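Below: the structure, in structure tokens.
Everything quoted here is computed from the prediction, not taken from an experiment. For ligands, and for the atoms within them, numbers begin at 1 and follow the listed sequence.
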Amino acid sequence: MVSTRAILILSSTTLIIVAVYINIHVIQRHDRKRYSGVGFHYQDGNSLLRILQQSVSSSSGRLSITSYSDPRTASIQVEEFDESDQSRVKDLEEKVPLLNAFLEELEGKIQSFSNKVGSSIKEETKQKEDRAALHKEEDRKVSKETQDEDAKSLTGYNILLLYADDWSHHTLSSFHKNATTKPILQTPMLDALAEDGIRFTHNCVTTSVCWVSRATLFTGQYMSRHNTTEPCCWSGMEKPRGGMKDAPSNWKELSVYELLAKHGYYVGHAGKWGVYMPWPKNVAFSREEDGWHYRQMGDKVWHITEKNEADALRFLVTRPRHRPFFLNVAFYATHAVDHDSRQYLPQNKSMSMYVGDVVPIPATGTDEAWKKMPYFFDEKNEGRQRWRKRFQNNMLHQSMMKNYYRMASEVDSACGAILEELRRQDALDNTFIIFTTDNGNFHSEHGLADKWYPHEESIRVPLIIRDPRMKEETRGTTNDAFTLNVDLAPTILGAAGIPSPEMFMGRDISQLYLTRSAYHTWRKEFFYEHPPSKPDPHTIPASEALVRKDYKYMYWPNYEYEQLFDLVKDPGELDDIFNSTDPDVVSVRNDMKKRFSELKKLVKSNERVTL
Ligand SMILES: *[C@@H]1O[C@H](CO)[C@@H](O)[C@H](O)[C@H]1NC(C)=O
Ligand SMILES: *[C@@H]1O[C@H](CO)[C@@H](O)[C@H](O)[C@H]1NC(C)=O
Ligand SMILES: *[C@@H]1O[C@H](CO)[C@@H](O)[C@H](O)[C@H]1NC(C)=O
Ligand SMILES: *[C@@H]1O[C@H](CO)[C@@H](O)[C@H](O)[C@H]1NC(C)=O
């Protein structure tokens with residue numbers, strides 16, 4: 001039984017490989033004219049193709065197609081060859097119709113073969129189908145009334161989410177556009193995307209850690225609602241539902257992926273999931289990569305960003321063109337490899353970047369700032385431990401930051417290649433594009449590294465949106481409204497024309513650039529929450545906050561410790577004025593504590609709220 005199943009899988013995998021192979025060579029003949037409006041261009045057109053090709057077959061340079069009937073003997077072989085060899089390219093192109101016919105035949109044969117396989121597989125399939133039918137029926141029940149209405153509002157836009165990891169808000173050269181000195185970091189592709197779209201300068205996350213923030217992206221809810229407070233199953237394992245007792249019962253019905261698939265989207269995910277999915281992932285395309293920077297696959301040593309890019313391109317090349325797609329390219333960069341003392345491992349080709357530069361030490365990257373942290377921040381604090389690995393002296397600081405920047409520039413150029421492929425497919429102007437990340441990072445500020453806490457470095461992250469609906473005058477602008485990661489789900493569904501479930505807690509960000517008045521009624525403050533590390537909250541104490549532009553109130557529940565910062569006078573969040581007797585400060589403090597309690601109560605309730 002196992003072997004027949006293996007053959008089935010092998011055959012369908014082969015089909016896909018052949019299809020991609022054909023695609024690559026058809027693409028190669030395409031005229032690679034530049035998209036002049038935006039200026040996305042991939043420096044070396046051929047290497048894009050090569051990367052894609054390698055990700056399909058990294059081994060022998062020969063593709064072997066094993067036919068259905070007898071895997072040991074019946075096979076045809078396609079040899080790989082130099083792409084500059086025009087006669088061979090032409091030769092292959094002539095074979096495309098033949099190969100297509102072969103594919104069709106193969107498909108038919110796989111079909112009839114699968115009809116013949118043993119009864120247990122049939123039975124299993126039948127059970128699966130029954131279950132699927134049951135789910136379908138359930139889905140139908142849930143959405144029957146709304147579905148017909150929904151269909152009318154669907155925009156048909158593709159949705160591309162470029163989702164980086166551990167990426168600070170200032171890790172974009174466009175962020176430093178107005179600075180007097182030229183920024184060291186270069187992100188030309190993302191800058192071009194921002195030039196053609198809108199950049200949100202005060203975008204924040206409601207919890208600064210990957211799995212919680214991702215769960216928020218998937219479900220449109222705060223951590224207190226989606227309940228994913230513990231890390232679990234990093235590398236794609238499915239965990240039985242019973243294994244996670246607080247796994248929320250309503251994840252499936254709220255999942256953006258599910259909702260898009262249900263409305264006809266071809267849904268894909270390339271990269272890090274980073275969160276436990278309490279149900280089988282309903283994605284047509286999924287390549288999970290997480291937790292490594294370099295890995296040998298076949299003959300090639302892959303860098304994870306290269307792999308993320310290749311997988312994204314493979315999705316775009318092989319997707320059915322008659323359906324809109326949703327793709328999350330969930331890069332692992334610039335996440336450090338925690339257990340490796342080198343932390344950040346960029347690609348060799350990037351090592352010549354930033355060599356002669358001197359990365360400035362942040363204003364709050366001082367011992368004095370570290371000493372101003374609350375008394376429970378000591379050398380055991382996880383942020384402090386990681387600071388020792390990365391920033392405890394200038395030499396280390398320089399090499400870590402340069403490697404971090406190199407990894408960021410690599411993501412930037414991967415984004416360029418992905419956008420270039422969209423342009424090549426003539427799909428750029430029919431695609432809603434977001435660039436953002438799961439959380440920010442301390443780069444020595446407050447004597448810390450990494451994330452978790454409610455300080456600006458940790459919670460403020462980049463957000464760029466390029467929207468086909470945008471007016472010309474909006475493009476290239478910035479917006480300083482408090483947009484949040486909890487807004488991503490309603491924004492994505494909004495772009496598709498799918499109404500958000502009532503339990504979503506955020507807002508559709510497009511209001512901010514599609515309607516003039518939205519900015520004035522937009523939120524001016526938000527609640528922040530982060531769970532404690534377990535079992536010992538001492539290494540990562542839980543934190544909560546009320547964040548406004550002028551003041552920030554922080555609460556550390558494990559120590560019942562409160563802080564207040566005046567962000568106008570003290571943007572570095574160094575001087576805690578919570579105990580001030582100044583009547584103005586006392587009044588602000590009382591007001592913020594009151595509002596903090598109200599928002600916290602709402603977030604932790606089951607009420608339907610838009611925050
Ligand atoms: C940058 O400078 C431009 C032109 O002077 C100005 O319009 C814009 O508001 C500035 N942006 C920021 C974020 O300061
Ligand atoms: C989240 O967990 C809490 C307590 O553990 C529970 O009361 C609540 O029902 C859970 N929420 C969901 C949506 O499952
Ligand atoms: C990168 O360069 C180092 C040092 O030259 C070499 O040992 C390593 O194999 C290279 N890695 C890759 C993936 O090429
Ligand atoms: C404010 O007062 C509390 C209670 O006395 C104390 O624990 C805390 O350390 C004080 N904060 C500062 C910044 O002095």
Check your understanding: Under 4.0 Å from atom 4 (C) of ligand 4, do we find at least one protein heavy atom?
Key -> no
Review point. Are there more than 12 heavy atoms of other residues, nucleotides or ligands under 6.0 Å from atom NZ of K604?
Key: yes
Review point. Does the protein put a heavy atom under 4.0 Å from atom 11 (N) of ligand 3?
Key: yes
Point to revise | Q296, CD: over 12 other non-hydrogen atoms inside 6.0 angstrom | key: yes
Review point. Any non-hydrogen atom of Y561 lying under 4.0 Å from ligand 4?
Key: yes
Exercise for review: Establish whether atom 14 (O) of ligand 3 and some protein heavy atom are separated by less than 4.0 angstrom.
Suggested key: yes
Review point. Which of the numbered atoms in ligand 4 are below 4.0 angstrom from a heavy atom of D576?
Key: 13 (C)
Check your understanding: Angle class for the F315/F285 ring planes (parallel below 30°, perpendicular above 60°, tilted otherwise)?
Key -> perpendicular
Check your understanding: How far is atom 9 (O) of ligand 3 from its nearest protein heavy atom, and which residue and atom is that?
Key -> N348 ND2, 4.8 Å
Point to revise | For K451, the option from T207, D438, D166, N441 that meets side chain to side chain donor-acceptor pair (under 3.5 Å) | key: D166
Check your understanding: Checking R384 against W370: charged group under 6.0 Å from the ring centre and within 45 degrees of the axis?
Key -> yes
Practice item. May I ask you to check whether H538 and F376 place their ring centers less than 6.0 Å from one another? Key: no
Check your understanding: What atoms of ligand 4 come within less than 4.0 Å of a heavy atom belonging to N579?
Key -> 1 (C), 2 (O), 3 (C), 8 (C), 10 (C), 11 (N), 12 (C), 14 (O)
Practice item. Flag the pair D575 and K569 as a salt bridge only when some basic side-chain nitrogen lies within less than 4.0 angstrom of an acidic carboxylate oxygen. Key: no
Review point. Heavy atom under 4.0 Å from ligand 4: found in F578's side chain, backbone, both, or neither?
Key: neither
Review point. Is the shortest N/O to N/O distance between Y294 and ligand 3 below 3.5 Å?
Key: no
